[in-house]
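Below is one structure, written out as structure tokens, with a few remarks after it.
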Amino acid sequence: MTTRHFLSLMDLSADEIRGIISRAIELKKLGKSAPKTLSDYTMAMVFEQSSTRTRTSFEIGMSQLGGHAMFLSPGDSQIQRGEPIRDTARVLSRMVDVIVMRTTTHQRVSTMAGYASVPVINALCDRYHPCQLLADLQTFTEHRGEISGRTLAWIGDGNNVCHSWMNAARQLDFKLNIATPKGFEPDADLIEACKDNISLGNDPVTAATGAACIITDTWASMGQEDEKSVRETAFAGYCVDDDLMAHAADNAIFMHCLPAYRGYEVSESVLEGARSVVWDEAENRLHAQKALLELLLGQ
Ligand code: CP
Ligand code: NVA
């Protein structure tokens, strides 16, 4: 059987994504009484970037399904001292059943997958954050039902989370209106690949108008700390506030992968307001990733 990796949403079929959403909703209802489908399975978590949600949800998810997760921080493993990813991949594959990796570049997680003989899950890189999208698609479904055919809006940076939303739009056939400042658009190859499901512009109001959901993320992702002040200037006018939400559909929800920076990409009142579903998104990381692990491990 070929090893299934999950480096981007394009590694799954649309039916598999729908299956994960349904199973995640089911696992959420079952809570701690979910069957121990991953009993005796082990997971290595190679994290080269900070995390609260992703680390916690993978560790707890594995434990809830009866398996064991082992966290390898950069400071504790030999990677930081120069052991190549390709060697780490082969060593870990001899011991664990699945590798979860959060790293700086898509190249690094692709190398891990290229040399691993067990599934590799991308827990965020510079290009994608596909695990976030599984939780976000579950969250939209829970609050607003079927996402296919709907229109959602991404306001802000054309970053890793935006790229994953674009792949989601392509896979599940919904429309994603994207508004970024000039120079902060998503990658050109993804714009081309997803062109039937996205619209691109620089006006947040145009993008938000009539949308069933408004989504944003930090203006400076991990690794872009030095660009923070330049970005704050470039992104002025892209804060998702009550005025912008007023242009969305009447029952529109607000989504953000977190961590959020109040007063920058989102106002305090929107983040804490009745339309915000950000805490559900955070919780759903747990359930969506359990469903993903079951799929990749054939359970
Ligand atoms: N949304 C998300 O991935 O959060 P963490 O960086 O805390 O894992
Ligand atoms: N775009 C953000 C997401 C954090 C979960 C980053 O890459 O830092």
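Computed from a predicted model, the values in this text were never measured in an experiment. Numbering starts at 1 and runs along the sequence shown. Whatever order the structure lists them in is the order used to number ligands and atoms, beginning at 1.
The shortest N/O to N/O separation between N160 and ligand 2 falls below 3.5 Å. The shortest N/O to N/O separation between H129 and ligand 2 does not fall below 3.5 Å. At under 3.5 Å, not a single nitrogen or oxygen of L124, backbone or side chain, sits near a nitrogen or oxygen of ligand 2. Checked by distance only, ligand 1 and Q132 come closer than 3.5 Å through their nitrogen or oxygen atoms.
With hydrogens left out, the protein atom closest to atom 4 (O) of ligand 1 is R53 NE, 2.8 Å, a heavy atom. At the shortest separation from atom 6 (O) of ligand 1 among protein heavy atoms lies R102 NH1, 2.8 Å.
Using a 4.0 Å cut-off between heavy atoms, L124 makes no contact with ligand 1 at all.
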Would you sort out whether E146 and R18 count as a salt bridge (Lys or Arg N to Asp or Glu O under 4.0 Å), showing the intermediate values?
-> CA-CA 10 Å; E146 177 59 48; R18 290 181 198 287; 3.2 Å; yes
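Per-residue contacts place T52 under 4.0 angstrom from the following atoms of ligand 1 (heavy atoms of the residue considered): 5 (P), 7 (O), 8 (O). Which parts of ligand 2 touch N159 is read off a 4.0 Å heavy-atom cut-off, strictly below it: atoms 1 (N).
The closest approach between a heavy atom of D126 and any atom of ligand 2 is not below 4.0 Å.
In this structure, F235 and W219 have parallel ring planes: the angle between them is below the 30° cut-off, well short of the 60° mark.
Partners of N177 by side-chain hydrogen bond (donor to acceptor under 3.5 Å, both in side chains), not counting sequence neighbours, listed by chain and number: K175, S199.
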